[in-house]
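Remarks on the structure that follows.
If you're wondering where the values come from, they're calculated on a predicted model, not measured in any experiment.
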Amino acid sequence: MSRTKINWFPGHMHKAHKEIKEVLPQVDIIIEVVDARIPYSSENPLISHIREKTPCIKVLNKSDLANPEITAQWITYLEQEQGIRALAITTNKPEQVHQITKLCEQMLPNRLGQDKQIRAMIMGIPNVGKSTIINILADRIIAKTGNEPAVTKVQQRIRLPSGIMLSDTPGFLWPNIENVNSGYRLAVTGAIKNTAVEYEDIAYYAAEYLLEHYPDRLQARYELDTLPKTDHELMEAIALRRGCLRAGGHFDIYKVSTILLNELRAGALGAISIETPDIAIIEKREVEKILLEKAENELEKKKSRKQKFKRR
């Protein structure tokens, strides 16, 4: 099945990226919230480029929806990078969320004391649960929450009960999602607004992945006597089980897509991870190759333009 490149970068996200870059020199530690089901795809590569040596806590939120064995692999993988600590949490358990402030203090012992204050910046892609985390850390309603991406649109500073000064930032995706699979995974988990993507296309991507990696979950959830062999056959089977049929016996592709994606996002199929560290290593190499080719092509274009200008 061919994949379409997904890009979604509203204007306020572009502004946020610029503001974050300006403020970062005054930040002691970065708290980046990622989706535990897709830590690589929900990690913003712009952040890794602009953080330099600033310590960073990778918060793998929604860990209750992710495969715990794969989440453990991710924590080991992420902490291989210097200055990075990783923490798996779910906002359903506030005590896990409060581990974030304790980890900040552990990583910055020189910033503890009455005359000093830890300056932290929290960031993450849309719909990753950042606002809920802030409200728990602050012990009051500070940030607006919602299942729609891009709820937070302006930066704000919050003094936490622990004494940490927390800068909140709007959730933003990067301007160009080079990795096609990452774009699809972001859409599957709901990080990209449904209006920005072809809903059915995303559901077929999810169906193909689930058939390969979680066939037993599909069979149990949709009470399938036999396991379908293709994504299309799976969608038809779910449509028959859930009554998603139109006149003439044709299945309602949009309705069955909605069912599959909503149930996957809600954890109705169980704890599922949609990527592993091994997948990330392979895809990172592919992205590096794409970016290198783009840079080389751009260089050739510049040389060509200069030659044309000289001829004039």
Take D231 and L210, measure what side chain to side chain contact (heavy atoms under 4.5 Å, CB included) needs, and give me the verdict at the end. CA-CA 9 Å; D231 51 4; L210 293 169; over 6 Å; no
Is there a donor-acceptor pair closer than 3.5 Å between any side-chain N or O of [X] and the backbone N or O of [Y]?
{"X": "S273", "Y": "N67", "answer": "yes"}
{"X": "R217", "Y": "L269", "answer": "yes"}
{"X": "Q156", "Y": "S167", "answer": "no"}
{"X": "E298", "Y": "K294", "answer": "no"}
{"X": "R265", "Y": "V188", "answer": "yes"}

Roughly how far, to the nearest 0.5 Å, is [atom2] of [Y] from [atom1] of [X]?
{"X": "E275", "Y": "S41", "atom1": "CD", "atom2": "OG", "value": "3.5 Å"}
{"X": "I75", "Y": "Q80", "atom1": "CD1", "atom2": "CD", "value": "12.5 Å"}
{"X": "L260", "Y": "Y199", "atom1": "CG", "atom2": "OH", "value": "9.0 Å"}
{"X": "D252", "Y": "M235", "atom1": "CG", "atom2": "CE", "value": "10.0 Å"}
{"X": "E43", "Y": "I125", "atom1": "CD", "atom2": "CD1", "value": "10.5 Å"}
{"X": "C56", "Y": "M107", "atom1": "SG", "atom2": "CE", "value": "7.5 Å"}

Quick one: closest heavy-atom pair of [X] and [Y], and the distance?
{"X": "P228", "Y": "A237", "answer": "CG-CB, 4.1 Å"}
{"X": "A280", "Y": "W74", "answer": "CB-CH2, 3.5 Å"}
{"X": "A66", "Y": "A271", "answer": "O-CB, 3.2 Å"}
{"X": "P94", "Y": "I136", "answer": "CB-CG2, 3.9 Å"}
{"X": "A120", "Y": "I164", "answer": "CB-CG2, 3.9 Å"}
{"X": "A86", "Y": "E79", "answer": "N-OE2, 2.9 Å"}

Quick one: do [X] and [Y] end up in the same hydrophobic cluster if we chain Ile, Leu, Val, Met, Phe, Trp and Tyr together by side-chain heavy atoms under 4.5 Å apart?
{"X": "L65", "Y": "L264", "value": "no"}
{"X": "I279", "Y": "I281", "value": "no"}
{"X": "I272", "Y": "I70", "value": "yes"}
{"X": "I118", "Y": "L103", "value": "yes"}
{"X": "F251", "Y": "L240", "value": "yes"}

Ignoring hydrogens and angles, state whether a donor on the side chain of [X] or [Y] is under 3.5 Å from an acceptor on the partner side chain.
{"X": "D64", "Y": "N92", "value": "yes"}
{"X": "Y184", "Y": "D201", "value": "yes"}
{"X": "Y222", "Y": "E263", "value": "yes"}

side-chain hydrogen bond (donor to acceptor under 3.5 Å, both in side chains) evaluation trace for E200 with Y205: CA-CA 9 Å; E200 297 90 337; Y205 181 90; over 6 Å; no
Starting from the C-alpha separation in whole Å, work towards a yes-or-no answer on side chain to side chain contact (heavy atoms under 4.5 Å, CB included) for K284 and Y40. CA-CA 9 Å; K284 278 183 179 180; Y40 164 55; 3.5 Å; yes
Beyond-backbone contact of [X] with [Y], side-chain heavy atoms, under 4.5 angstrom:
{"X": "H98", "Y": "D139", "result": "yes"}
{"X": "L78", "Y": "L60", "result": "yes"}
{"X": "L87", "Y": "I100", "result": "yes"}
{"X": "N181", "Y": "E283", "result": "yes"}
{"X": "I274", "Y": "D35", "result": "no"}
{"X": "D28", "Y": "P55", "result": "no"}
{"X": "T189", "Y": "S42", "result": "no"}
{"X": "R37", "Y": "K62", "result": "yes"}

Thinking salt bridges, do K130 and E32 make one under a 4.0 Å N-O criterion?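 Answer for the salt bridge query: no.
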Note: E81-R51 ion pair, threshold 4.0 Å (strictly below):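 Salt bridge between E81 and R51, a charged N being under 4.0 Å from a carboxylate O: yes.
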Taking CD in Q26 as the centre, count heavy atoms belonging to other residues, nucleotides or ligands within less than 6.0 Å. Is the count above 12?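 Enclosed.
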Answer yes or no: does atom CD of Q82 have more than 12 heavy-atom neighbours from other residues, nucleotides or ligands under 6.0 Å?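 No - once you tally the heavy atoms of other residues, nucleotides and ligands closer than 6.0 Å, there are 12 at most.
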Of I89, T90, V59, I134, which meets side chain to side chain contact (heavy atoms under 4.5 Å, CB included) against V97?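 So, applying the side chain to side chain contact (heavy atoms under 4.5 Å, CB included) to V97 and each of I89, T90, V59, I134, only I89 qualifies.
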Going by side chain to side chain contact (heavy atoms under 4.5 Å, CB included), I158 matches just one of N135, L137, D168. Which one?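 For I158, the side chain to side chain contact (heavy atoms under 4.5 Å, CB included) check succeeds only for D168.
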Any chance you could lay out the side chain to side chain contact (heavy atoms under 4.5 Å, CB included) test for M123 and I30, step after step, and finish with the verdict? CA-CA 8 Å; M123 54 181 69; I30 294 169; 4.1 Å; yes
Apply the test side chain to side chain contact (heavy atoms under 4.5 Å, CB included) to residues N61 and V34: give CA-CA distance (whole Å), side-chain angles for both, the deciding distance (0.1 Å), then the verdict. CA-CA 6 Å; N61 192 26; V34 299; over 6 Å; no
